[in-house]
Amino acid sequence: MRGLDVLERRTGDGLTDEAGALGPDAPNQADAPRGESGHGRPLLFPALAAALALAIFLFDSLSSIGIAVAVLYGIVVLIGATFSDRRGVIMIAAGCALLTLLGFAIGHASDPEEEAPFLRCLISLAALTVTTVLAVKNQTATKVLAASEQRYRSIFQTTAVAIWEEDYSQLAAALDQLPYRNPADLDAYLSENPAFVRACMSLIRTIDVNDSALRLVDADSRTQLMTSLPQIFTSESLPMLKGLLMTVAARRDYYEAESLLQTFKGEKRSVFVAATFAPEPHRFNSVLVSVMDITERNKVQRALEQARAELTHMSRVTMLGELTASIAHEVNQPLAAIVSNGQACLRWLDRPVPDMAEARANVEQIVGQGRRAANVVQRLRALSKNSGPQRIRLNINDVIKEAVSLVDQELREHEVSLRLELAPGLPKVSVDRIQLQQVIINLAINAMQAMRTVEERELRIASRMSQEGLVEIAVSDCGIGLSDAEMAQLFTAFYTTKPQGMGMGLSICQTIVEAHGGSIRAERNDGPGATFRVLLVPNVPGAS
Ligand code: ADP
């Protein structure tokens, strides 16, 4: 408790005396008009100057003493400078010069041949001139200083930032008396002795505070704030106060920290505190502490962080939902194929003489579709994780033919005829085989479903080199076609017009095609139906 003893001694002989002298109702020093001490007796100095000038004149003109008495007129000018402005000082100096000349004329007119009095007169006039110039210069400098002081005071009072002007001399002396020279030791001591840190605050003498400071802590009066500084600190202010004490002990010039204060009405305020110390030797006489209320900013920031966390969670949930929906959508087709192959297989086995070869072919189909479903799931997971597709350079026509073979069964079920128009000699394209198959299968199944209610059902899949030099796959049908509303939302996830639809097919197609650096678009046909065009860049960089 050594530190607290130190504090008790210091508060005993220092702060309480001073606080007492200041008293709770002591007028604010900042409010007292500065530099007006001489204005209480306005006639004293002019009278003094006039009397002095008269005395010098009489002595100069009547005595025959051999010194330049008129030099003393300089004092008259200096006194004049305390109560009159620049013009007044020049007038007083001119008056003194006249008196000097008059004194010379009266005292030495009888012996014009004598040089010494003449020289003394010249010296007096020169001294008078120099004194006048210096007095006027000094007056101007004082005025500039007063104006800048005034400007500083008005900034101090009117700024929106709360400012405390404080004297830390006693606080610094108390810290110096502690036996801890090493910052780490002092840090440890302050951490273990919050009572000392708090007590240190009563050693701070508040010199002045501005209106913003009063508002910040809801103080009723300047006096309340100036005499009760420790009341605005809570246990949450301790880390900031500790940092401040460390700064004082280390003689650093600046300290800033975020903290919590409490108003005189008991409300908590989040604040940003910055303390600036003057250069030596007045380091602790006038410490400027500015405090900014950041309660609202912190509230907004917390709300933003919460909103961001919620958004991240939402987007994860949405992504998970999309992934689940995508898997369900994409696995549906191979599953349907597995079921119908299974049923066919059973029929072949149930025959009086089971046809093992056909049954085997069905089982092979089942195995193939099962593998495909597993691949599709794997690729979809890769897509959702944003990992790039597994590309190899392929002939697009081969991928189209493989995809078509996988929807063979659906073509038969929907009684749709297939027309393939595959351009020969197309450049190879770097694509993920399974993903591109998924695109073609989705477009083909949509096309078949769009033709469910029409008589003429033909699915046309074409490949060609587009005019822009891209490899194009077009999937066309002669089904119900696309309305304006549909055109606008086709590729949006979960958009569907089908009772059993999931609205994921086209969204998956777009994700896959864009991951390949390509594009997909839908068009209305001139005749019935719609065409979906996939455009891919041949030889994408990074191709294997
Ligand atoms: P789903 O097929 O589950 O509805 P998609 O994303 O594949 O999901 O398709 C979204 C919607 O786009 C469909 O519900 C349908 O209205 C429209 N659509 C897709 N392809 C065609 C097509 N070939 N002809 C007409 N409309 C289509």
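Please read all numbers here as calculations on a predicted model, not as lab measurements. Counting begins at 1 with the first residue of the sequence. Atoms within a ligand are numbered from 1 in the order they appear, just like the ligands themselves.
- With a 4.5 Å cut-off on side-chain heavy atoms, Glu296 and Lys299 count as touching.
- Listed for the Asn210 side chain is a donor-acceptor partner under 3.5 Å among the backbone atoms of Ile163.
- Using a non-hydrogen distance threshold of 4.0 Å, Leu490 registers as a contact of ligand 1.
- Residue contact check: Met504 has heavy atoms under 4.0 Å from atoms 6 (O), 8 (O) of ligand 1.
- Only the side chain of Phe532 comes within 4.0 Å of ligand 1, judged by heavy-atom distances.
- For Asn446, a nitrogen or oxygen atom sits less than 3.5 Å from a nitrogen or oxygen atom of ligand 1, counting backbone and side chain alike.
- Using a non-hydrogen distance threshold of 4.0 Å, Gly503 registers as a contact of ligand 1.
- In terms of protein heavy-atom proximity, atom 11 (C) of ligand 1 is closest to Tyr495 O, 3.9 Å.
- Checked against salt bridge (Lys or Arg N to Asp or Glu O under 4.0 Å), Arg347 has no partners two or more places apart in sequence or in another chain.
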Could you pull out every donor-acceptor pair under 3.5 Å between side chains of residues 520-528 and any protein atom, sequence neighbours left out?
{"unit_1": "Arg521", "atom_1": "NE", "unit_2": "Glu523", "atom_2": "OE2", "d": "3.2"}
{"unit_1": "Glu523", "atom_1": "OE1", "unit_2": "Arg533", "atom_2": "NE", "d": "3.0"}
{"unit_1": "Glu523", "atom_1": "OE1", "unit_2": "Arg533", "atom_2": "NH2", "d": "3.1"}
{"unit_1": "Glu523", "atom_1": "OE2", "unit_2": "Arg533", "atom_2": "NE", "d": "2.9"}
{"unit_1": "Arg524", "atom_1": "NE", "unit_2": "Leu482", "atom_2": "O", "d": "2.7"}
{"unit_1": "Arg524", "atom_1": "NH2", "unit_2": "Asp484", "atom_2": "OD1", "d": "2.3"}
{"unit_1": "Asn525", "atom_1": "OD1", "unit_2": "Thr531", "atom_2": "N", "d": "3.4"}
{"unit_1": "Asn525", "atom_1": "OD1", "unit_2": "Thr531", "atom_2": "OG1", "d": "2.5"}
{"unit_1": "Asn525", "atom_1": "ND2", "unit_2": "Asp477", "atom_2": "O", "d": "2.9"}
{"unit_1": "Asn525", "atom_1": "ND2", "unit_2": "Pro528", "atom_2": "O", "d": "3.1"}

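- Not close to ligand 1: Ala493, with no non-hydrogen atom less than 4.0 angstrom away.
- When the options Val475, Thr497, Ile480, Leu459 are ranked by their closest heavy atom to atom 15 (C) of ligand 1, first place goes to Thr497.
- When each atom of ligand 1 is checked for a heavy atom of Gly505 under 4.0 Å away, the hits are 5 (P), 6 (O), 7 (O), 8 (O).
- Polar contact check, Met502 against ligand 1: a nitrogen or oxygen pair lies under 3.5 Å apart.
- Closest to atom 5 (P) of ligand 1 by heavy atom, among Leu506, Asn525, Ile508, is Leu506.
- Near Gly501, with a cut-off below 4.0 Å to any heavy atom, the atoms of ligand 1 are 3 (O).
- Between Asp477 and ligand 1, at least one pair of N/O atoms sits closer than 3.5 Å.
- With a 4.0 Å cut-off on non-hydrogen atoms, Leu443 does not touch ligand 1 at all.
- Within ligand 1, the atoms closer than 4.0 Å to a non-hydrogen atom of Leu482 are 25 (C), 26 (N), 27 (C), numbered from 1 in the order shown.
- Residue-to-ligand polar distances keep Ala530 apart from ligand 1: every N/O pair is separated by 3.5 Å or more.
- Contact annotation: the side chain of Met504 never approaches that of Asn442 to less than 4.5 Å [non-hydrogen atoms, C-beta and beyond].
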